[in-house]
Number of protein chains: 2
Amino acid sequence: MIVVTSVNVNGIRAAAKKGFLEWLAATEAEVVCLQEVRSEPEQLPAELRDLPGWHAVWAPAASKGRAGVAVLSRKAPERTAIGFGSAEFDGSGRYAEIDLPGLTVASLYLPSGEVGTERQDEKERFMAEFLVHLVELRARAAKDGREVVVCGDWNIAHQPADLKNWKANQKNAGFLPEERAWLTRVLDEGGYVDVVRRLHPDQEGPYSWWSYRGRAFDNDSGWRIDLIIATGILAKKCVEAYVERSATHAERWSDHAPVTAVFDLNN
Amino acid sequence: MIVVTSVNVNGIRAAAKKGFLEWLAATEAEVVCLQEVRSEPEQLPAELRDLPGWHAVWAPAASKGRAGVAVLSRKAPERTAIGFGSAEFDGSGRYAEIDLPGLTVASLYLPSGEVGTERQDEKERFMAEFLVHLVELRARAAKDGREVVVCGDWNIAHQPADLKNWKANQKNAGFLPEERAWLTRVLDEGGYVDVVRRLHPDQEGPYSWWSYRGRAFDNDSGWRIDLIIATGILAKKCVEAYVERSATHAERWSDHAPVTAVFDLNN
DNA sequence: CATCTAAAG
DNA sequence: CTTTTGATG
């Protein structure tokens, strides 16, 4: 049994003051992938820099206070890597991966984009390069007899069921036709399975992000943009997959909720 | 009897959330001069934009979030003015004045400066221009048979008794020999009296600003840089002059405390 | 609406 | 240490 969780913390220093550490202490996950850490490791307070019981790989962004991902694991990784071999993006705090025995786990923070701006071009460049990486990653893993799980904030909702107000968002970054088509290619050409959707094929959501504006959280007017995808054999072993909306309910320590997949390796 | 108060609020929107409005409701001042308002009038929440019982003249800075002075008066002014006729500084949110019957009251926020930087040059240019204004202001007032009081954050401590640690600060902005000499000229050539010092000639302080850093406030390690100066006849009518350290003690809503002068016009 | 940053104080 | 901003989300 291996439990993997992904959560965009929207600033780990702010999140730690509001309940992230209590959530982490209570989780049963074996691996936790973080996005939007928004801190250099050196800027972290002691209780975050040295998380008792966890090994951490931090991938901060070159520009301070931006992006930043991490992978926390209870066991020491066999290998860690920052970036995916991209000249443009390896220093941008958007990708890190670790190898555990027979398994690669990656944390991804895809650029959020904004239609009509350079930020959308950047998102599309990232998408193009990253799809190549996903294909290669699976091929290498297959050769080595390992499985792969890629967790993160993809900043794209795949299907109408993945956001509350899909009709109004067809021209907005995060639900553009070309972004949705790209996610389809990630699954089909990449050979990965969206494990939450696989186990909950007919459900609206479950959403994992709600804007801080207005009453989005209270109305559950959210988006399912935090995805855990896994290679086929591993995906079939996924026995549970859910969004922990309640984790950020009592005191909201992020605008995203943790997404968790439970794999039964004896399955 | 007329009571005039000067206080640097260090951001009126933040101060209002922490007790400034309660202080204002309780004050017996007839005129309140504010510095470091740090807000355009349009950005002010309703309870600040329309202060019941007060007339206000707001002089915001051209660059948002910087400087900004105001003069609040219980009676409608006969005349209001922003700036002192300076091409460089009239738009910088550092000076406003109002006329009440027989009396001009001004709110000043002198640049703080920083040795070895352009900000110190700016402070010195301001000082040069402003001294001319003070001399002219008194001359005009004398001709019209009116008195003058100029309140504000001068960002200069005049004498060793005006700051806790004067020896260590002789090379720092705010206690440079040339700044101190300029304040002497303001009083001597300008023909004004520092009313707090006049009534408390032998006291250390009373300080009106304490850095937020360290334990400056608790140790009363402060500076007396918020001065009320008045023309001679009026200054002689000043029967009380004090710093309201306690106003920012319970919940500290600024790093400065209000300075008040009470004038007995029948004196 | 919230997290960061930078400059300013 | 605190308040602003401006960028980002």
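Reckoned from all heavy atoms, side chains included, excluding hydrogens, waters and symmetry mates. In what follows, chains are A, B, ... by sequence order, proteins preceding strands, each numbered from 1.
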Discussion item. Counting the atoms with a prime plus P, OP1 and OP2 as sugar-phosphate, which does A:K18 contact under 4.0 Å by heavy atoms, base, sugar-phosphate, or nothing?
Written reply: sugar-phosphate
Fill in: Residues forming a side-chain contact (heavy atoms from CB on, under 4.5 Å) with B:E22, sequence neighbours excluded
none
Worksheet, complete the sentence: Nearest-nucleotide check on DNA chain C, A:R213 vs A:I12; residue mapping nearer the 5' end is A:R213
Worksheet item: Once you round it to whole Å, what is the distance between C1' of C:dT3 and CH2 of A:W253?
Response: 15 Å
Discussion item. Rounded to whole Å, how long is the line connecting atom CD of B:E118 with atom C1' of C:dA7?
Written reply: 15 Å
Item to complete: Could you tell me the separation between the NE2 atom of A:H256 and the C1' atom of C:dA2, rounded to a whole number of Å?
Response: 11 Å
Worksheet item: In chain order, what residues pass the side-chain contact (heavy atoms from CB on, under 4.5 Å) check against A:R125, with sequence neighbours excluded?
Response: A:E88, A:F89, A:E118, A:D121, A:E122
Worksheet item: Over how many whole Å does the gap from A:W209 atom CH2 to C:dC1 atom P extend?
Response: 14 Å
Worksheet entry | Nearest listed nucleotide, side chain of A:A14, among C:dT3, C:dT5, D:dT4 | C:dT3
Discussion item. If you only use heavy atoms from C-beta on, which nucleotide in C:dA8, C:dT3, C:dT5 is closest to the side chain of A:R13?
Written reply: C:dT5
Fill in: Rounded distance in Å - CG (A:D153) to C1' (C:dT3)
14 Å
Discussion item. Just the rounded figure in Å: distance from P of C:dT5 to CD of A:E36.
Written reply: 13 Å
Discussion item. Which nucleotide wins on minimum distance to the side chain of B:R38, given the candidates D:dT3, D:dC1, C:dT3?
Written reply: D:dT3
Discussion item. If we count only N and O atoms by modelled type, under 3.5 Å, do the side chains of A:Y242 and A:E244 hold a donor and an acceptor together?
Written reply: no
Discussion item. Can you list, in residue-number order, the parts of residues 40-50 of chain B that come under 4.0 Å of DNA chain C, counting heavy atoms only?
Written reply: none
Fill in: DNA chain C: 5'-proximal contact among A:G11 and B:Y212 (nearest heavy atom)
A:G11
Worksheet item: Expressed in angstrom and rounded to an integer, what is the separation of A:R94 atom CZ from D:dT8 atom P?
Response: 11 Å
Worksheet, complete the sentence: Testing D:dT5, D:dT8, D:dT4 for proximity to the side chain of B:K64, the answer is D:dT5
Discussion item. Restricting to side-chain contact (heavy atoms from CB on, under 4.5 Å), what partner residues turn up for B:S63, sequence neighbours left out?
Written reply: B:R66
Practice prompt. Determine the contact category for A:E114: base if any of its heavy atoms lies under 4.0 Å from a base atom, sugar-phosphate if only primed atoms, P, OP1 or OP2 are that close, otherwise nothing.
Written response: nothing
Worksheet, complete the sentence: For A:A261, the side-chain contact (heavy atoms from CB on, under 4.5 Å) test, sequence neighbours excluded, returns A:V195, A:I228, A:C238, A:F263
Worksheet entry | Separation of C:dT3 P from A:Q35 CD (nearest whole Å) | 18 Å
Worksheet item: Does A:H133 reach the side chain of A:E97, with side-chain heavy atoms less than 4.5 Å apart?
Response: yes
Side-chain donor-acceptor pairs of residues 164-177 of chain A under 3.5 Å, sequence neighbours excluded:
residue : atom : partner : partner atom : Å
A:K164  : NZ   : A:N219  : O            : 3.2
A:K164  : NZ   : A:D220  : O            : 3.3
A:N169  : ND2  : A:N165  : O            : 2.9

